[in-house]
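In what follows, a single structure is set out as structure tokens and then discussed.
The chains referred to below are lettered A, B, ... by the order of the sequence lines, with proteins before strands, and numbering in each begins at 1.
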Protein chains: 2
Amino acid sequence: MHAKNIDRRNIYEYYTLVYKIEREDLAEKAYEALKLMILRGELPSGEKLLQESLAENLGISRTPLCSALAKLEKEMLVTSLPRRGFYVNRLSLKELLDIYDIRLRLEPLGAGEAAERASASQIADLESAVNPPALAGVTENYRSFKEYDYRFHSLVMEISGNSFLSRMIRSFNIISLGNMQHFFKSPEQSIAEHRSLIEAIKHHDKTAAEKTMYTHIVHARQVIEKKLREENG
Amino acid sequence: MHAKNIDRRNIYEYYTLVYKIEREDLAEKAYEALKLMILRGELPSGEKLLQESLAENLGISRTPLCSALAKLEKEMLVTSLPRRGFYVNRLSLKELLDIYDIRLRLEPLGAGEAAERASASQIADLESAVNPPALAGVTENYRSFKEYDYRFHSLVMEISGNSFLSRMIRSFNIISLGNMQHFFKSPEQSIAEHRSLIEAIKHHDKTAAEKTMYTHIVHARQVIEKKLREENG
DNA sequence: TTTTAAAATTTTGCATGCAAAAAACATTGA
DNA sequence: TCAATGTTTTTTGCATGCAAAATTTTAAAA
């Protein structure tokens with residue numbers, strides 16, 4: 001069944017790279033679908049996820065859905081209350097700040113690595129992500145902005161070549177975007193910052209890329225920190 | 001069923017805190033069991049996980065086991081090859097280094113927060129973790145050391161109060177420890193470094209705690225980096 | 001009207017069974 | 001001997017059904 005020139009001992013590594021992408025099971029598809037629904041706000045944070053109806057909507061049975069929910073739980077996108085059900089994770093301000101503390105340390109790391117490694121085609125991908133066709137509606141409504149922002153950050157982390165980092169940051173970005181109902185800074189400013197990050201990456205300037213990403217995230221973090229202080233009086 | 005003085009609107013938050021711990025489902029128990037088996041090396045990295053026999057050994061059916069494996073997959077402890085099965089994740093040196101890059105950024109963050117927040121009883125917990133009764137066998141065999149090291153780092157991250165950080169680092173530590181077959185530095189040195197971290201936390205010295213944790217991890221990272229360079233010639 | 005208790009309904013968690021895919025094994029022909 | 005093909009066995013992924021728990025509804029008492 002498998003290609004003949006692949007050493008038996010390396011079959012694991014081989015399939016890890018190539019085979020996986022094509023053949024996805026229902027649990028993985030449901031997981032992806034739910035993630036997108038959370039990012040889009042179609043499943044608002046705090047909402048209870050009814051297994052029967054969700055499964056029906058997705059056109060699958062509860063078995064793969066359960067696995068999908070288990071995955072989301074470990075990525076902290078949903079919370080499981082045994083015998084009570086799954087809920088889309090709703091973050092307190094403190095928790096949102098916790099996530100930003102993590103992003104603030106990790107995304108600059110990823111941006112720096114991306115600056116070191118980025119190929120010409122990867123840079124082209126980045127540029128097309130911030131150019132007009134991809135920006136439709138982004139400055140007008142927050143929902144479009146979220147998807148755009150998620151795409152851009154995912155792309156940078158992907159380019160870093162650190163798959164652990166990339167997967168983790170993707171989850172965290174969905175959690176945080178899913179828990180934010182309005183612009184934390186103007187979308188124009190975000191896009192401008194994204195563009196200057198691309199410049200740094202283009203010039204393979206690791207330090208500049210790190211700094212730009214840091215500044216980009218620390219702004220939002222400061223807004224959250226201020227809110228939290230106000231909340232606590 | 002639930003306490004009467006809990007506001008209906010807050011029931012979600014209430015149960016998130018208290019209810020969850022007691023009632024664990026089989027999938028979660030299996031997940032915990034498998035994690036421990038990976039940490040202990042009872043499931044060596046690269047090993048294929050046969051669902052039928054694993055389920056039988058755990059005394060459960062394949063349904064909750066599947067959910068447990070799905071969880072482990074999203075925490076990157078196992079790899080799923082659709083229709084082929086699950087394998088304990090085996091890391092390349094590059095991947096191990098990727099994980100250390102993440103730990104190097106995040107664990108100092110956690111250590112610093114822990115230094116700020118640690119209560120007297122939490123400090124006592126830390127101290128008892130590095131005192132003789134808890135150190136049995138740790139300097140002699142690597143397997144005991146792994147469990148000790150995992151416990152200590154988990155404890156520090158727990159004290160940081162950032163639950164996202166804590167959960168993530170726990171996974172990464174299991175992956176990395178599960179993929180290391182021998183001491184990267186002498187256990188005595190590790191324990192000494194742990195002790196000086198406790199000192200910093202005790203004095204609520206955030207900067208010192210961050211630095212100590214950084215140094216502690218960067219040593220191991222350098223060993224890996226060197227190996228990787230040798231491997232690539 | 002509110003509070004409490006009982007009954008009915010819904011929902012969850014799990015084991016099981018089945019179809020399809022993959023792996024292991026056997027057979028044939030070079 | 002080895003490669004290629006066919007056959008059997010194993011394993012995976014999923015839908016389904018059932019028991020127990022949780023929730024909602026209804027009824028009764030304060």
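- Between Asp101(B) and Arg105(B), no side-chain nitrogen of the basic residue sits less than 4.0 Å from a carboxylate oxygen of the acidic one, so the salt-bridge criterion is not met.
- The existence of a salt bridge linking Glu75(A) and Lys71(B) is excluded, since no basic side-chain nitrogen approaches an acidic carboxylate oxygen closer than 4.0 Å.
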So which protein N/O to nucleotides 12-14 of chain D N/O distances come out below 3.5 Å?
residue: dT12(D); atom: OP2; partner: Gln51(B); partner atom: N; Å: 3.4
residue: dT12(D); atom: O2; partner: Arg83(B); partner atom: NH1; Å: 2.9
residue: dG13(D); atom: OP1; partner: Arg83(B); partner atom: N; Å: 2.9
residue: dG13(D); atom: OP2; partner: Gln51(B); partner atom: NE2; Å: 3.2
residue: dG13(D); atom: N7; partner: Arg62(B); partner atom: NH1; Å: 3.3
residue: dG13(D); atom: O6; partner: Arg62(B); partner atom: NH2; Å: 2.7
residue: dC14(D); atom: OP1; partner: Leu26(A); partner atom: N; Å: 2.5

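- No salt bridge links Lys227(A) with Glu231(A); every basic N to acidic carboxylate O contact stays at or beyond 4.0 Å.
- Contacts of Phe184(A) classified as ring-ring contact (aromatic ring centres under 6.0 Å, His included), with partners at least two apart in sequence or in another chain: His182(A).
- For Lys146(B) and Phe183(B), the positive end is not near the middle of the six-membered ring at less than 6.0 Å and at most 45° from its axis.
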